[in-house]
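Read the structure below first, then the notes.
Within every chain, numbering begins at 1; the chains are lettered A, B, ... in the order of the sequence lines, protein sequences first and strands thereafter.
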Protein chains: 2
Amino acid sequence: MTTRDHALLRIAVDLVILTVREGALQTLVVIRGNKPFAGQFALPGGFVRAGEGLDDAAVRELAEETGLDGGSLHLEQFAVYGEPDRDPRGRVVSVAYLAIMPDLPVPTAGSDASGAAWVPVSKIHGSLAFDHDRILTDAVERARRRLELTTLATAFCPAEFTIGDLRSVYEVVWGESLDPRNFSRKVINTEKFIEPTGAKRIPPTGRPAALYRAGGATTLNPPIMRNRSR
Amino acid sequence: MTTRDHALLRIAVDLVILTVREGALQTLVVIRGNKPFAGQFALPGGFVRAGEGLDDAAVRELAEETGLDGGSLHLEQFAVYGEPDRDPRGRVVSVAYLAIMPDLPVPTAGSDASGAAWVPVSKIHGSLAFDHDRILTDAVERARRRLELTTLATAFCPAEFTIGDLRSVYEVVWGESLDPRNFSRKVINTEKFIEPTGAKRIPPTGRPAALYRAGGATTLNPPIMRNRSR
DNA sequence: GCAAAAGTGTTCTTGGTACACCCATGG
DNA sequence: CCATGGGTGTACCAAGAACACTTTTGC
């Protein structure tokens, strides 16, 4: 059985970089400059190099596409896609990573891509190259579930944020509205989820909101669950 | 940047096959017959063949190791391990699968392994070849979390089972004891989790228990959560 | 009748939801 | 003083935990 018919193949990382911008869940896409699917939108990503770890490759690609230090933001492997025919260039197994970042002025033209841009996930759905539509869908579902059980929501926020900011992350990603008052309490009563900085932010109109930073916790205890019935 | 330093590598699938046997969570391990780590325990697995999908490879390996039809039981990809030095033979990226099966008389000597055996995960921990200890740990944690939100527990049970059987799956996998009476109600009131067959099983002593089979649902609504405080 | 396991009923507590209400600011 | 968003108090309801109690079998 130890016939030598193992596939020798290349491995790639693809990044689903999510943020909340202009009240919508958006993802960073590049316009492909090269042959397969040229001119079409695709997720940023690239081949893993010899001697390079998968996570390292993801951090490197993230830096190349966004100019940001991948080590400083949330980056998490979430699936592998390995259908033999998923890439017309030959067999490529792709490891998909979910990256979450605050709304920063980022998109720069990437190295092997002619451009990069934020697009709302609701708009882009159905028009990505390769099997990237499915990857994006899986990533979004993953992010939605992660909000329930982990402190992932803080990764969407800048260093200092209000509870209202945090709530709007949940509302935008889940696509449902939450009661601001109950949300406050839940978040404040969850140990190490957020901690007050002492500062306040004065909104254009209304009472100033206390500012918080992310607490030490990574898991949410108790969880903040979506309304599964509605 | 499109230098040709992409890694050309082999990809493997590794299987964490879990079952509940003799009141303990056990996993199927093989004794390695070949060079690296020869004579040591390892997870069953093997290289993906040319033109073969990842899931297909997992099903094939499962059949080779256990003689069972992989399509009929729970099989789920859960992580990728791709450190450049994780395999002394060269670069191998491994896709890890979690398989769940009822307690069946299974282990047959595998093809490229000199033997296979069930061992309790609590016993084997720390003695597996490659990075398989970590893979096993990740798999068990995954299974524990899956019990909370999905109907995975039924995959540990034979076609017909009692609520007591199902409860003992939770108790063994989670390592905590549950109230039989409250557990019954929770499970019965969860839509499509289990459905009665009408038959009963007479235990050596005690009142006969109604038999059930798995219902159609895959997600558990409401979830059955572990006691996170204790 | 006794042991053992299945299953029901009941109370208590906790956590979620809905919502009235008050607070702090800019205009 | 009004509009606007931040934040607290409270009443209600549903789900979970604990546990007394009944049922159904083999011996």
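Between A/R226 atom CZ and C/dT17 atom P there is a gap of 14 Å when expressed in whole angstrom units. In this structure, CZ of A/F183 is placed 12 Å from P of D/dG7, rounded to the nearest angstrom. One interatomic measurement links the two molecules: CG of B/D165 to P of C/dA5, which rounds to 13 Å at whole-angstrom precision. Counting to the nearest Å, the P atom of D/dA15 and the CG atom of B/L220 are 14 Å from each other. Between B/N182 atom CG and C/dT14 atom P the separation is 16 Å, expressed in whole Å. In this entry the distance linking CG of A/N227 with C1' of C/dG15 reads 15 Å, nearest Å.
Backbone-only contact: A/P204 has heavy atoms under 4.0 Å from sugar-phosphate atoms and none from a base. Counting any heavy atom pair closer than 4.0 Å across all strands shown, A/R201 reaches no nucleic acid atom. If you check every strand for non-hydrogen atoms under 4.0 Å, A/P208 touches sugar and phosphate atoms only.
For A/R181 against D/dG5, no side-chain N or O and base N or O form a donor-acceptor pair under 3.5 Å. Judged by distance alone with a 3.5 Å cut-off, a donor-acceptor contact links the side chain of B/R207 to the base of C/dA6.
Dashed line: the shortest gap from a side-chain N or O of A/K200 to OP1 or OP2 of D/dG6 is not under 4.0 Å.
Looking at which nucleotide of DNA chain C each of A/I202 and A/D179 is closest to, the 5′-most match is held by A/D179. Each of B/Y212 and A/P203 was assigned the nucleotide of DNA chain C with the nearest heavy atom; the assignment lying further toward the 5' end belongs to B/Y212. Each of A/R185 and A/T205 lies near DNA chain D, and the nucleotide nearest A/T205 is the one positioned closer to the 5' end.
Of the possible donor and acceptor atoms, none in the side chain of A/W118 sits under 3.5 Å from a partner among the backbone N and O of A/R21.
Ring geometry for B/Y81 versus B/F78: interplanar angle over 60°, hence perpendicular rather than tilted (30 to 60°).
Under the 4.0 Å criterion applied to side-chain N and carboxylate O atoms, B/E160 and B/R201 are not assigned as salt-bridge partners. Using a 4.0 Å cut-off between charged nitrogen and carboxylate oxygen, A/R226 and A/E141 count as a salt-bridge pair.
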